[in-house]
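Just below is one structure, and these are the notes that go with it.
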Amino acid sequence: MAEFRRFSNLGPVSLVVREEPDVRNALELLIRHQHMYNEVLHTRLAAGDGLATLKVDLRLGEAMEARQATELAVAAYHRILRGFLHTRWQPLSVWFRHPAPADAATQRRVFGPMVEFGREFDGIVFYADDLDAPNAMADPQLREYARQYFEAIAVPRDTTVADRVRELIEVLLPSGRCSIEQVARSLGVDRRTVHRHLAASGDTFSSLLNSTRMHLAEQFVANPRRSLTEISDLLGFSSLSAFSRWFREQFGCSPRSWRSGRSR
């Protein structure tokens with residue numbers, strides 16, 4: 001399905017994407033308006049140390065197998081990148097959290113030889129320099145018209161304070177500085193304002209912190225390449241024992257037992 005996708009499958013946003021001056025602007029626009037063409041898709045672009053990472057997450061609302069949908073979403077982004085860069089462009093690697101299929105010939109044909117399974121996230125890793133590659137399809141004279149047209153029909157994303165807090169928690173956890181004070185500072189408000197907005201939607205900082213940790217813990221613990229000590233640090237716990245106690249309270253078993261059960 002991904003191999004037959006065209007820019008037009010993105011809907012009206014495709015008109016603007018084609019006129020963006022470079023890959024970075026095109027991806028950022030796609031991510032900013034992803035709710036217009038896929039309501040469950042949650043994508044993040046990060047760049048650092050010469051590498052760019054495009055992480056793809058499907059928020060389905062419940063725990064369920066999403067292997068095919070995930071591979072389709074990653075393949076769609078892979079095809080978009082090739083459309084901007086080159087038909088024979090290859091990323092450094094394509095990662096999937098799920099285990100490898102019995103026969104990965106199709107995945108290797110679509111993504112190339114560097115597709116890996118059982119990793120900690122779903123997405124694409126490539127050189128950050130590719131983000132600054134010019135878009136050969138773009139026409140500077142058409143860009144402003146395309147933007148004006150799209151802004152007239154674009155549906156604004158219903159981003160809540162709770163959404164922003166979740167995103168900040170995920171970013172701050174590995175630093176060991178994930179607190180309501182730090183989140184409030186990042187939002188440019190005081191902690192009382194954050195508490196007030198969260199209370200209006202029936203949330204608390206503690207509940208969002210816990211749910212975000214649970215979501216990430218399922219991803220990290222399922223990956224045997226990560227040690228439990230490393231996972232404990234990534235989730236912002238002061239020690240492995242504190243992480244293990246929390247995990248048992250949430251999942252009813254130790255992280256080691258949970259990992260063993262998943263591998264079986």
Side-chain angles (χ1 to χ4, degrees), residues 1-59 66-98 100-101 104-140 142-143 146-147 150 154 157 167 219:
M1 290 174 64
E3 288 180 295
F4 285 99
R5 289 180 69 89
R6 302 166 60 92
F7 274 107
S8 57
N9 291 119
L10 296 170
V13 71
S14 65
L15 298 174
V16 190
V17 170
R18 291 175 64 91
E19 305 305 332
E20 290 301 295
D22 52 45
V23 175
R24 186 190 304 274
N25 279 275
L27 285 178
E28 289 177 348
L29 189 144
L30 279 173
I31 292 170
R32 189 161 59 250
H33 296 285
Q34 60 191 348
H35 61 284
M36 290 186 63
Y37 55 88
N38 192 321
E39 294 181 351
V40 302
L41 185 63
H42 182 79
T43 310
R44 288 189 302 156
L45 176 66
D49 298 326
L51 297 178
T53 304
L54 188 69
K55 293 184 179 181
V56 176
D57 191 17
L58 299 183
R59 303 287 175 86
R67 183 188 189 108
Q68 291 178 322
T70 298
E71 291 192 2
L72 175 60
V74 174
Y77 271 116
H78 184 269
R79 187 168 177 80
I80 287 171
L81 285 168
R82 276 191 167 179
F84 283 115
L85 295 165
H86 193 281
T87 56
R88 288 194 292 271
W89 173 84
Q90 292 285 1
L92 291 173
S93 59
V94 174
W95 285 7
F96 291 108
R97 286 183 290 155
H98 51 255
T106 299
Q107 286 84 353
R108 300 197 187 285
R109 175 173 57 79
V110 173
F111 298 113
M114 301 307 292
V115 59
E116 300 179 41
F117 298 89
R119 302 307 300 253
E120 54 263 39
F121 65 84
D122 301 304
I124 304 172
V125 181
F126 53 100
Y127 287 117
D129 288 346
D130 289 336
L131 291 172
D132 299 317
N135 175 17
M137 297 183 290
D139 183 339
L142 285 177
R143 186 186 182 199
R147 283 267 183 172
F150 182 70
R157 181 187 175 191
E167 292 175 358
Q219 297 179 21

Exercise. Taking all non-hydrogen atoms of both residues, which atom of Glu116 and which atom of Ser93 are closest, and how far apart?
Worked result: OE2-CB, 4.0 Å

For this session: Say whether Glu71 and Gln107, considering side chains only, have a donor N or O and an acceptor N or O under 3.5 Å apart.
Result: yes

Exercise. According to the interplanar angle, ranging from 0 to 90°, do the rings of Phe96 and Phe117 count as parallel (below 30°), tilted (30 to 60°) or perpendicular (above 60°)?
Worked result: parallel

Problem set entry | Value rounded to 0.5 Å, distance of CG in Leu81 from CZ in Phe126 | 5.0 Å

Please report, to 0.1 Å, the donor-acceptor pairs under 3.5 Å made by any side chain of residues 50-57, with sequence neighbours excluded.
from	atom 1	to	atom 2	distance (Å)
Asp57	OD2	Arg59	NE	2.8
Asp57	OD2	His215	NE2	3.2

For this session: Enter the distance from Leu85:CG to Asp130:CG here, rounded to the nearest 0.5 Å.
Result: 5.0 Å

Problem set entry | Any donor-acceptor pair under 3.5 Å from Arg82 side chain to Trp89 backbone | yes

Exercise. So do Phe84 and Leu27 actually touch side chain to side chain, heavy atoms under 4.5 Å?
Worked result: no

For this session: Mind checking the CG-CZ spacing from Asp122 to Arg67? Nearest 0.5 Å is all I need.
Result: 10.5 Å

Problem set entry | Euclidean distance, Glu28 CD relative to Ile31 CD1, rounded to 0.5 Å | 7.0 Å

Problem set entry | Student check: side-chain heavy atoms of Trp95 and Val115 closer than 4.5 Å | no

Problem set entry | Evaluation steps, side-chain contact (heavy atoms from CB on, under 4.5 Å), between Val94 and Met114 | CA-CA 6 Å; Val94 174; Met114 301 307 292; over 6 Å; no

Exercise. Could you give the distance from CG (Asn25) to CG (Leu131), rounded to the nearest 0.5 Å?
Worked result: 10.0 Å

Seminar exercise, completed: Heavy-atom nearest pair, His78 first then Pro91, reads NE2-CD, 3.6 Å

For this session: Take Arg119 and Arg97, measure what side-chain contact (heavy atoms from CB on, under 4.5 Å) needs, and give me the verdict at the end.
Result: CA-CA 5 Å; Arg119 302 307 300 253; Arg97 286 183 290 155; 5.9 Å; no

